[in-house]
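Residue numbers begin at 1 in each chain, while the letters A, B, ... track the order of the sequences. All values below come from the heavy atoms of this structure, side chains included, with hydrogens, waters and symmetry mates left out.
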Amino acid sequence: MRTAFAALVAAALLPVLAPQAAAQGAAKVLRVVPHSNLAILDPIWTTAYMSRNHGYMIYDTLFGTDEKAQIRPQMVESWTESPDKRLWTFKLRPGLAFHDGKPVTPEDVIASLQRWGKRDAMGVALFSFVERMDSPAPDTFRIFLREACGFLLEAIGKPSSSVPFIMPKRVADTDAFKQIEEHIGSGPYVFKRDEFKPGDKAVYLKNTKYVPRKEPPSGSAGGKHVYVDRVEWNLALRDAQSQVNALAKGEVDILEAPAFESVEALKKLPEVQIVMSGPTGLQYMARFNHLHKPFDNPKVRQAALAAFSQLPFLQAQVGLKEYYRVCPSMFTCNTPYGSAVGSEIQSKSNIRKAQELLKASGYDGTPVVLMKPTDLAAIQKLPDVAAQLMRQAGFKVDLQAMDWQTLVGRRAKKDAPDKGGWNMFLTAWQSHDIWNPIANAALDGKGEKSGWFGWAKDDRLEELRAQFMRATDDAKKKKLAEAIQTRAFEIATHAPLGEYVQPVAARKNISGFFVTNSNIYWNLKKN
Amino acid sequence: MYAFIARRLLATLPVLLIVAVLVFLMLRLTPGDPAAILAGDAANPEQIAQIRESLGLNESIVAQFGIWAGHLLTGDLGESFYFKMKVVELIGQRLEPTLALATLTILIAVLVAVPLGVIAAWRFGGWFDRCLMGFSVLGFSIPVFVLAYVLIWLVSLKLGWLPVQGYQRLEGGFWPFLRHLILPAITLSVIYIALIARVTRASVLEALGEDYIRTARAKGLPEWKVLVKHALANAAVPVATVIGIGIALLIGGVVVTESVYAIPGLGRLTVDAVLARDFPTIQGVILLFSFVYVFVNLLVDLSYVFFDPRIRY
Amino acid sequence: MAEQTPDAKQFAALSTESAAVVRRQSAWQRVRANWSVRIGGTAMLLLLAIAVLAPVLGTVDPTLFDAASRDLLPGKQGEIVDLDGETLRHTFIMGSDSFGRDIYSRVIYGTRVSLIVGIASALLALSFGICLGLSSGYLRWLDGPLMRVMDGLMSIPGILIAIALLAAWRASLLTVIVAIAIPEIPRVTRLVRSLVLTIREEPYVEAAVSLGTPAWKIMFGHILPNTAAPLVVQATYICAAGILVEAILSFLGVGLPPDIPTWGNIMAEGRVQFNEYPHNVFFPGIFLAVTVLAVNILGDGLRDTLDPKMAKRV
């Protein structure tokens, strides 16, 4: 270990002499092909998963979420809540320090939470309860709430976008709508800013001063041990076949998201293992635009819901049985709120039923403008399946292909479908982003003003969500989540289309994978 | 001669200005919204509107062009929306791989194609000539990416001679640098070889029919000397010309080759930037490519003086 | 070969009409006798026949898919469900893709798209190039500015223009054709312009001008017919390039929507499995290469016979 570190230091000090040879010869380098390009380095400013994963490398969090969806302390050592649940006191564990050597203070934590609370959906919800925050001692901070709220820990222990990462105060004081300029955290890796080349590579060095927790790693919680000296994200290797070739030849160590079409081929390679690390995985989703014909009519939306059996989607997009699962819940299955309550309209339906519902709905033949992304292999086949099923149910479908970026731009438009708007699109969510009624963007009923794309408006749904936020008892929360799901199926906010797990492909000499839903690179060993 | 260079350089200015206007208009009429792309999946419309404002996308097109052109005059290509970096800096990072790939490609192409063309002309109508002409038409007909996959499969996976992907910077040593470039350069050079071999053959053929060749042969000069010294010298100008014209072809090929071989060059950058609607980057890269095209063709014109003493500017 | 060519100046003395007739006859005879033209032409006719007859060549709807028939090797039997819900037994001559679609049907229908893209982009580039070239060569005041714009357009690599244009518009058959044609326009324009500049000095054109014939009549009646030969040759090259560029655009993910079967799309989708199931790339690749080859051979043959001056140059 020490020699490896010495070599690393030598490499850093003498870049002119033999930089590549020293860095790659002696030091252990983990070469990863991430699922996409890393362009934005501010995980609060954008919800892109690549930015979140970058955040996990260099930042630490107050709490983590373990594989059983339980909130576990990470930077926090202990905490108490007052009997009226309005005052929360947190004590930080000793020895926390940023990469520049400065200790992590409660002021850093408060500033980081405040910035996150301006951008993240759950953060915004939480801060509608927060009265103030302060720091009574150098290792303690307190959160004062106006009234009790049931999801404080769930929010600050949130495992997915946007994660409340803790940054130094001077960085966290950046306007929440501007990107941060400095990339320094207290996490297990240090970001090599000078080697970062977007579209080429991102480099992280082991933070040798990091003190991991004692617990074993699980989800985003537990000890963050680092057994390699350097992690390199290969951002240039985007071609699916070239990725497989590179892994086969050992030019890279890990493929974060190999194409499902390649999995069979990867399994046959002697030096390659397929790792299944995410138990809850991702959910496919079809989202209706509630503002325009024909999906402004809930009965038409229900007919579409009835047509969407999940199996055809999963078979076409994933194909391999061991990686997909039919799941009626809007909160994904195997999660605290996952249940089949209220889902009969979709889960017990078929094309015949959909045809009847559509006839009864008064659908006038308005074509459904369905947006299909052409460059996102992970969801590319879904729209074709949706179109085929809807046509069979009696819909007229206008399948419009475009690249994902155009789609993302166009779905923000509220105009009529024939004037640059849209009726429906499909996407995929990581379970963690939709597994409770506050985080799940598709379940808001806020309507045109501040709702998520599709702009469902429903006062009942909003009322139930408000109740959920205030509920502090687990049984009551579960009941409310069920009520919310029932209501959402009733008005057909969107359609869950089944779940899949994304296998990871790695060389056999990589070990230490653990159960987690994000792409996390600690605890991995390379022999 | 200097006057000629000065005149030519001046003449490129309006061309580049036209390119700038064309590209700017083309991009600003696009439906994609860079702000929505930057904001990520869960952002709501309000947040997107805020980002659009901060990028200056709410200004009129004329105002946006004015700002951009103003910066351009000071050599500033603006800041990339997507990569949050100066476009100049971004291009700087990506320049080396593309430059290396293009240089090696042209080198391979000239070294292979010119001898082939000379031999084909020398053995005009023979089997070698026929084969070469057949190959050259074929070379134009195979898509670059199919060729790339076949070469990777054969050379890297089956034979294990070369790496399948990636790029090593020159600072990491010359051999690793070269090893990673050989396959992409061969892939890319095929169409170029086809083109240059044809032109060489035609020019040498023409020269071989001239009186001075007959004179040279009559004097008893060895055949290779006739071919190389007289016939080939005569072919230099057309070959140089076709290299100049072929630059556009080469840049097109670079875009695809860099994708397959995971080379972080300008071609890859262009595609990424287009997909992300990163206007400043697209404008910068296209402007750069246009400049390179114009500049290389200027060099080609100047090279005529060197190859053919009769030409004076 | 140059000796066989009738000297253009000889005809200049004759009336334009009879000159054109003589030229056409002899040209046609020479074209027919050329082996390149015979081979390339026959292949093209065959491909055209395939494109037209696609529905009766044992194909199914190329967009139909069935998860049960994924990744079948060439020659295997499988099932496919049509839009009415009927299950058909089908032999997948060229195998199936990862969707479970019939590659043979996709390749055959893809012939239509590729030929349409190639031919239409050639015609479009040609018609724009002719109009601009004629105007530029004939109207002196327009010549300068127009040629500068053409210089600008020419200095941007064609594929970049096409990519940028397709990012701007929604990719459809029409926009792809236009995006492929636009970068080719400057070359045609220059060719036409240079031909016009040569021909307008000919005595028969000067005679027509002195007789007070309107400019458009001179352009289309006298000048255009004499530019036909090099333009036909140019058209074949644009057509070949167009077919290739379409495939490259699809490969880069900015071309026609993937549910439209084009050779480029089939290869782009199949490349993920190139090592495992090369048939996904192999069959459309062969069709693409053969088509482009045929068009190129045809072009070479036409060039040798119709335009010997150009033949000497390239």
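Under the 3.5 Å distance criterion, with hydrogens and angles disregarded, no donor-acceptor pair is assigned to the side chains of B/Y149 and A/N245.
More than 12 heavy atoms of other residues, nucleotides or ligands lie within 6.0 Å of CZ in B/F135, so this atom counts as buried by the packing criterion.
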Note to self: Could you walk me through whether B/V164 and A/S242 satisfy the side chain to side chain contact (heavy atoms under 4.5 Å, CB included) test, starting with their C-alpha distance in whole Å, then the side-chain angles of each, then the deciding distance to 0.1 Å, before giving a yes or no?
What the structure shows: CA-CA 7 Å; B/V164 294; A/S242 300; over 6 Å; no
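With a 4.5 angstrom heavy-atom cutoff, B/L269 does not touch chain A via any of its atoms. Heavy atoms closer than 4.5 Å to chain B are found in the side chain of A/N234, but not in its backbone.
Here the shortest heavy-atom pairing between A/D239 and B/S259 reads CB-O, 3.7 Å.
Contact of the B/Q93 side chain with the A/P198 side chain is registered, since non-hydrogen atoms from C-beta on lie closer than 4.5 Å. The shortest side-chain heavy-atom distance between B/R268 and A/R238 falls under the 4.5 Å cut-off. A/K249 places none of its side-chain heavy atoms less than 4.5 Å from the side chain of B/P163.
Separation of atoms CD1 (B/I152) and CD (A/Q241) is listed at 8.0 Å; rounding is to 0.5 Å.
Ion pairing between A/D200 and B/R169 holds under the 4.0 Å rule for side-chain N and carboxylate O.
In terms of heavy-atom pairs under 4.5 Å with chain A, the best-connected choice from B/G265, B/P264, B/S80 is B/P264.
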